[in-house]
Structures are given as structure tokens and as C-alpha cells.
Amino acid sequence: MTSMLSNSANVTFVRPATFFIKGFSNVPHVKYYYMFLALVYVVTVLGNSFIMCTIYLARKLHTAKYIAVFHLALSDLCGSSALIPKVIDTFLFDHQVVSYEGCLANMFFVYHFMNLQSLTLLVLAYDRLVAICFPLQYHATVNKPAMFLIIGVIWIFSVTYFSVLVGLVNRLSFCGSNVIDSHFCDQGLIYKLACNDNSINMMMGKISFGLLMCTPLILIIISYFCIALALVKIAHGDRIKAMKTCTSHLVLVAIGYLPLISNNIVALTTSIDPNTRIINNSLRQVIPSMLNPIIYTLKTEEVMQSIKELYKRSKVNTTQKIRMKYSWKK
């Protein structure tokens, strides 16, 4: 460890050269869990890459809504890439000692992409709210330039916020333990290791949960309450059609938020084994990213139709190439 003398007071300010990631200690057959995470990561990469390629290649999906879906897939892919390979490298290959700077970088990217996933679900809820409650204004309000602007704003906000959050760790002095009892560089556990005033970090942690997790969920619930009121007033046939357009998004919201809420309720009401908490948190972080593209592929008629059209087009092009090659040989 390196020490620096504080300018403001005659106390020793300690910044560790490294942190030790302790998670998954004494878990029986834990290597099978790492293999499961590797499988989840492969499916996540393939699924999200597939949905992004489909949106890019299918012209009928070049709409504001599917720009947001593309962004969700990108956030899922990047979020899993920031977490799963590092977890496998850390624990399976015994690289549990991580540099101070590397730990802060890992913290930033994991939280940043988790936040983008949450905010993108809110953007998709806004898309459905305008489409169903204000259909005549939809194309004027939710268009491609507006969607790119919204996504740009949430990127600027997220990068700025988490740069400040991670930067505030530099004000902490770690004169005791440098062991993080988690599967990644968890900000909530790092500031608890500090031996100087960590009240600002604690406040930022509470703001993060309230502002970035609870607020989007509350706004999504409000938007669907407004959608439900609008659906009551329209004809039965149109109501069923409108509800179908919301199904995939509602499933994504349930998968993304229910484990988060349940984990926090359990943590507040009962004492939970650290390894159980770590496994629950890691699953909550990676499973939605794997399931999102599968749900959007299977539950969204437009996407399924576009996949079929792309497949037919590819088949026709392949047949034409074979015929041209055969005629050239003749």
C-alpha cells in the first residue's frame, strides 16, 4: 500500500495499490457455476448480436422504437461483457487481486451499462405511451431524430453521473481491509471499507438506487397505468392489438426489475448468506441480458416477420449465386 499525507489534517491518507475480490468463497462445485456463466455469456452475445443485425438489415425496422430496441441489445451486450468475462477470469483463473485503477474502471462500466439498460426500458415505455395514448402525435413526437437525441442524453447523463460516483472513491482512505466480498468492484461494499468519512459516498449510493433504479420503474408503472386507462376507451379488437405491442416490453420490465426488488426486500428484512447474495446479484445482472433478445424475437411479430423476410432473401440470393456459378462453368 502507498500512503500520502493529507493537506487538510495531520492524518495518514491510504490508497491501496490493489483490492482483493473475495466472492464465491467456500461455494461447493462453484466451477460449474462459472461454466454456466460462460454459457449465459455465449447466448447473450449471439442473441443480442442477432437482434442488432436483424434491426440493421431489415428496413421496416428502421423506426424510432427499434432504435431503442437496438440500444437495449447493445447495452445488454456491453453490460454482460463488462461483467461475465471478468468474473470468470477473476475466480476461475485465480486473478482475484485487481489493481486500484482496474477496480474503479470495472465499477464504472458495470454500473454504467446497468443504468443504460434501466433507462432504455423507460424509453420503450415512453414509446408505447405515446403510441397508444396519443396515436395522432406519435410520428411527429417519437421519430428517429428524437430517439437519437434521447439516447444521446441518457449516455451523457450516465457517463457524467458514474464518473462522479467512481471519482468520489478517490476521497476515501483505506487504512484497514482491502477485501471486497463481492463478485466485482461493488461501490456499496468499497465505501464501507473506508476509515475516513464516507457519508457522501453513502448518499450517492442511495441516490443511485432511488434515482436510477426506483424512479424508472415508478415512471414505467405510471405510463402503463395511463395506457390501461386509454385501452379501456377503445374498441375490443384494437385493444387486443395494442396490448400485444406492449407484451414483450412488460416481460422485459418484469425480468429486469422483479429480481432487483426481491433481492433488496430480502436484504432489508432478513440476514442473507454472503454467497447467496452474490449469486443472486450476479444472476440478476446477467440473466435479463440473455433473455431480452429471445423475448423480443419470439414475442414481437414485426421482428419475426423481418427475420423470415431476411431468411427468404438470403435463400434467394444463395440460389442465384449457385445458378450463376453453374452457368459460368457450362
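For the numbers below, each heavy atom of this structure counts, side chains included, while hydrogens, waters and symmetry mates do not.
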Asker: Could you check whether any side-chain N or O of S177 sits under 3.5 Å from a backbone N or O of V179, counting only pairs where one atom can act as donor and the other as acceptor?
Answerer: yes

Asker: Whether the side chain of T215 engages the backbone of G210 through a donor-acceptor N/O pair (distance < 3.5 Å, no angle test) should be reported.
Answerer: yes

Asker: Sequence neighbours excluded, which residues qualify as side-chain hydrogen bond (donor to acceptor under 3.5 Å, both in side chains) partners of N48?
Answerer: none

Asker: Testing the basics here: between G102 and V98, what is the closest heavy-atom pair and its distance to 0.1 Å?
Answerer: C-CG2, 4.1 Å

Asker: Please determine whether residues M202 and L165 belong to a single hydrophobic cluster, defined as Ile, Leu, Val, Met, Phe, Trp and Tyr linked transitively by side-chain heavy-atom distances below 4.5 Å.
Answerer: yes

Asker: Would a distance-only check, ignoring hydrogens and angles, find a side-chain to backbone donor-acceptor pair under 3.5 Å from R171 to D197?
Answerer: yes

Asker: Please check if atom CG in N26 has more than 12 non-hydrogen atoms from other residues, nucleotides or ligands closer than 6.0 Å.
Answerer: no

Asker: With a 3.5 Å cut-off and no angle check, do the side chains of S282 and H183 form a donor-acceptor pair?
Answerer: no

Asker: Is the backbone of V45 close enough, under 3.5 Å, to the side chain of S49 for a donor and an acceptor to pair up by distance?
Answerer: yes

Asker: Which of these, W155, Y161, F157, sits in a ring pair (Phe, Tyr, Trp, His ring centres under 6.0 Å) with H112?
Answerer: W155

Asker: Indicate yes or no for a side-chain donor-acceptor contact from D76 to the backbone of M290 under 3.5 Å, with no hydrogens or angles considered.
Answerer: no

Asker: For residues 125-140, which side-chain N or O atoms pair as donor and acceptor with protein atoms under 3.5 Å away, sequence neighbours left out?
Answerer:
from : atom 1 : to   : atom 2 : distance (Å)
D127 : OD1    : Y138 : OH     : 2.5
R128 : NH1    : T245 : OG1    : 3.2

Asker: Using only atom types and a distance under 3.5 Å, with no angle test, would you say the side chain of S75 pairs donor to acceptor with the backbone of F113?
Answerer: no

